[in-house]
There are 2 protein chains.
Amino acid sequence: MKLKDLAALLGLSQTTVSRALNGYPEVSEATRQRVAAAAEKHSYRPNTRAKGLATGRAMAIGHVIPISAQHEMVNPVFGDFIAGAGEAYAAAGYDMLLSLVQDSQEERVYRDMFAKGNVDGIVVHAPEMNDPRIALLLEIGLPFAVHGRASDITAPYNWLDVNNKSAFQRATDFLIDLGHRRIALLNGLETMDFAHRRRAGYVEALLSRDLAVDPQLMRSEEMTETYGYQAVRQMMKLAEPPTAYLVSSMISAIGVRRAIHDAGLVMGRDISVITHDDDLSYLRNGDDVALFTATRSSVRDAGRQLAQILIEQISDPQQAPTTKLLEADLTVGRSTGANMAGR
Amino acid sequence: MKLKDLAALLGLSQTTVSRALNGYPEVSEATRQRVAAAAEKHSYRPNTRAKGLATGRAMAIGHVIPISAQHEMVNPVFGDFIAGAGEAYAAAGYDMLLSLVQDSQEERVYRDMFAKGNVDGIVVHAPEMNDPRIALLLEIGLPFAVHGRASDITAPYNWLDVNNKSAFQRATDFLIDLGHRRIALLNGLETMDFAHRRRAGYVEALLSRDLAVDPQLMRSEEMTETYGYQAVRQMMKLAEPPTAYLVSSMISAIGVRRAIHDAGLVMGRDISVITHDDDLSYLRNGDDVALFTATRSSVRDAGRQLAQILIEQISDPQQAPTTKLLEADLTVGRSTGANMAGR
DNA sequence: CACATCATCCAAAGCGTTTTGGTAACGGAA
DNA sequence: TTCCGTTACCAAAACGCTTTGGATGATGTG
């Protein structure tokens, strides 16, 4: 069923039917009703490609997910983020176009998306410190919004980020208050902007309490379960092993917990752990009592909000960029305790 | 840069330029080169919507991801599956369109996708026993491929599945051989087809060895970490608690491990655990030695293969449906051991 | 009563491609 | 020479929608 058929059926012109369906005023209320009823009855849906061609809008938003070349890892956070964004798109009538792309190909993909015109905007995932994608998108003039920020880029653009620095600063402070002096940081890849900020928060907390920053206690890798496990195993062998760990993701924290158990120690008593918790749907942080002490921020909610920001930018391109900084909750669970050795 | 501009630039007609770029024979090799060079130089990319309108093909494939209404859970497997499928699409020039949808809205979404014509085919995720979506898609005639199967549907359609039944049967056999008699099954939601098959394999193994099937030892829920934890806590309180657990996902198995530890027991010595392992990129099953004994099948690879199947179906609609049954590996790790109590 | 205004509708152009149905030039065969 | 097949190109239609620029008749106004 196409517009022409529907119009013929109703004895009206395509113009009038189109206008009736799109809410233009030049149509009598009576015919509008009649058209709506017929459209409903024959379940008419305008062809996306034709509509897009005529209007110049794709009604779709692109997500380019970078796949790390070495580990081929898909960020576990991605599913929940997409779920949040998807809600916003569904409500606004947008489709979501996904591209998973090797880092090397990214520029080409962005340029192609623009040239082929199959998206009205783009969500940038996992920005690095001085991410070339942002300059690129600003240059080609395709609306976009970033999940996170790129520290080194001063030009304004839409972003939504968790205050990673303050979150990790508070977490570190919390551990210091508990008497910990040897605190390890199991960070994500510090080429990523968020990881860089987290480290900054950690370092600043240590320095402001006159504690040494020991490179032996700092790791930066992709946040897998085995990463957490291995890092703890190795750090335990140090002359002065850490009494507390600050971990960048629940997945790695699970590996940390495993290593602690394997060593015959008890998490929260012998060794303290704080993790960042993205509030993933399949990995809730305990039920009644939080399992881990954690800095928590819902990535799903972030997806919802960022999509909203981008949609608004697209519908009003003159609008100045929106930025939003979310504060993470610091919830105290059973994985932290006073440092007895330090007493 | 549009076709018209490029043609004008070259002093050729749109027809010739279009043909040159699309590899039609009615163009001299010399001009083909010239056109290709100019297109490259000005980085011309045909507009997707216009091309789609002219050809009638969307060059896009839809993935409809159901969001479970109660828990709002996003299956953690989803990211890696999509990554695999994305590779196949990128290679074949297809885009991937994603819709996350509440179960109730599913039918509408499928019908709309067809009517709006913005996909050439659909990948069906997480099929249930007698999934209405399959009948629906067969009815409307939109090419599709299913990740999994729907037991109750006899009509032929494209699918790719892991042999869940044999995998769980072998795993159960393995535990019985180790001397276990009280084996618990922590299954996924048994409205899902895969979970149903896993249970069938488990039951069949028990019966063929003359062991009782105890409903107290069987659970069926969404596969979260806390589900695994809670289930074990509760089953441990039984008069005759299980000595082994068969778990449907790594995530839940992690919860199982936590419960075992919390009880002061050692996994692999006091209690055995076998889990299904989808080989997720951020959750590898140990490194040198497998952490869990597991039935393993790469969901990423499944994504890649299923996408390929769908692409072939689309390019040759006459073709009979393809079906592919993958056997899972049974890798022995450190989470299983002989049942001492039984000796 | 003549004229402007308004409400309601329509024919046709346009969006950027592909594809249909040609034409012109050339070489070779009869 | 004439005719035919082939090669290399082109103008215009088509895809299904929106939007421009009227047209028509009814209504109000001076």
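Naming: A, B, ... by sequence-line order, numbering from 1 per chain.
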C/dC9 phosphate, OP1 or OP2, under 4.0 Å from A/T31 side-chain N/O: yes
Can you give me the N/O atom pairs linking the protein to nucleotides 24-26 of chain C at distances under 3.5 Å, or say none if there are none?
none

- request: Mind jotting down which residue pairs meet the side chain to side chain donor-acceptor pair (under 3.5 Å) criterion with at least one end in residues 307-321 of chain B? Sequence neighbours excluded, please.
  value: B/N158-B/Q313
message: Run the side-chain contact (heavy atoms from CB on, under 4.5 Å) test on A/Y110 and A/V124 for me, step by step, so that the C-alpha distance in whole Å, both residues' side-chain angles and the decisive distance to 0.1 Å come before the verdict.
response: CA-CA 10 Å; A/Y110 283 105; A/V124 174; 4.0 Å; yes
- request: Enumerate the residue pairs fulfilling salt bridge (charged side-chain N to carboxylate O under 4.0 Å, His left out) with a member in residues 13-29 of chain B, sequence neighbours excluded, ordered by first and then second residue.
  value: B/R19-B/E26, B/E29-B/R32
Show me the protein contacts with nucleotides 16-22 of chain D, counting only N or O atoms at under 3.5 Å.
from, atom 1, to, atom 2, distance (Å)
D/dG16, OP2, A/K2, NZ, 2.8
D/dG16, N2, A/A50, O, 3.4
D/dC17, OP1, A/Y44, OH, 3.1
D/dC17, OP1, A/N47, N, 3.2
D/dC17, OP2, A/L3, N, 2.4
D/dC17, O5', A/Y44, OH, 3.3
D/dT18, OP1, A/N22, ND2, 3.0
D/dT18, OP2, A/S18, OG, 2.6
D/dT19, OP2, A/Y24, OH, 2.7
D/dT19, O4, A/T15, OG1, 3.1

task: Enumerate the residue pairs fulfilling ring-ring contact (aromatic ring centres under 6.0 Å, His included) with a member in residues 8-48 of chain A, sequence neighbours excluded, ordered by first and then second residue.
output: none
query: Bend across the helix from C/dC1-D/dG30 to C/dA30-D/dT1, to 10°, with axes taken over 5 pairs at each end?
result: 60°
message: Please give me every residue in residues 109-117 of chain A whose heavy atoms get under 4.0 Å of an atom in DNA chain D, ordered by residue number.
response: none
Cut-off 3.5 Å, no hydrogens considered: what does the side-chain donor-acceptor table look like for residues 133-145 of chain A, sequence neighbours left out?
from, atom 1, to, atom 2, distance (Å)
A/R133, NE, A/D131, OD1, 2.8
A/R133, NE, A/D131, OD2, 3.3
A/R133, NH1, A/E106, OE1, 3.4
A/R133, NH1, A/H125, O, 3.0
A/R133, NH2, A/H125, O, 2.8
A/R133, NH2, A/A126, O, 3.0
A/R133, NH2, A/D131, OD2, 2.8

query: Just checking, is any N or O donor in the side chain of B/Q14 or B/K4 under 3.5 Å from an acceptor N or O on the other one?
result: no
task: Kindly state each residue pair satisfying salt bridge (charged side-chain N to carboxylate O under 4.0 Å, His left out) with at least one member in residues 49-63 of chain A, sequence neighbours excluded.
output: none
message: For the residue pair B/S28 / B/T31, report whether a side-chain donor-acceptor contact shorter than 3.5 Å exists.
response: yes
task: Might you work through the side-chain contact (heavy atoms from CB on, under 4.5 Å) test for A/M59 and A/T48, ending with a clear yes or no?
output: CA-CA 8 Å; A/M59 290 311 281; A/T48 307; 5.8 Å; no
task: List the steps, then state whether side-chain contact (heavy atoms from CB on, under 4.5 Å) holds for B/F81 with B/N75.
output: CA-CA 10 Å; B/F81 181 88; B/N75 193 328; over 6 Å; no
query: Can you name the side-chain hydrogen bond (donor to acceptor under 3.5 Å, both in side chains) partners of A/T16, sequence neighbours left out?
result: A/S13
task: Dump the intermediate steps for salt bridge (Lys or Arg N to Asp or Glu O under 4.0 Å) on B/R149 and B/D193, then the final yes or no.
output: CA-CA 7 Å; B/R149 279 174 287 175; B/D193 194 78; 5.4 Å; no
message: Do the side chains of A/D112 and A/K116 get close enough for a salt bridge, i.e. N-O under 4.0 angstrom?
response: no
field: d(CG, B/L10; P, D/dC10) in whole Å
entry: 10 Å
Pair up each side-chain donor or acceptor in residues 86-94 of chain A with any protein partner under 3.5 Å, not counting sequence neighbours, and list the distances.
from, atom 1, to, atom 2, distance (Å)
A/E87, OE1, A/R304, NH1, 2.7
A/E87, OE2, A/R304, NH1, 3.1
A/Y89, OH, A/H63, NE2, 2.8

- request: Using atom CG of B/L21 as one end and atom P of C/dG16 as the other, report the distance to the nearest whole Å.
  value: 17 Å
- request: Starting at atom CE of B/M59, determine the distance to atom P of C/dT17, rounded to an integer number of angstrom.
  value: 16 Å
- request: Enter the distance from B/I61:CD1 to B/D120:CG here, rounded to the nearest 0.5 Å.
  value: 7.0 Å
statement: Ordered by number, residues from residues 89-99 of chain B within less than 4.0 Å of DNA chain D (heavy atoms) are none
- prompt: Roughly how many Å is it from CG in B/L12 to C1' in D/dA11, rounded to a whole number?
  reply: 14 Å
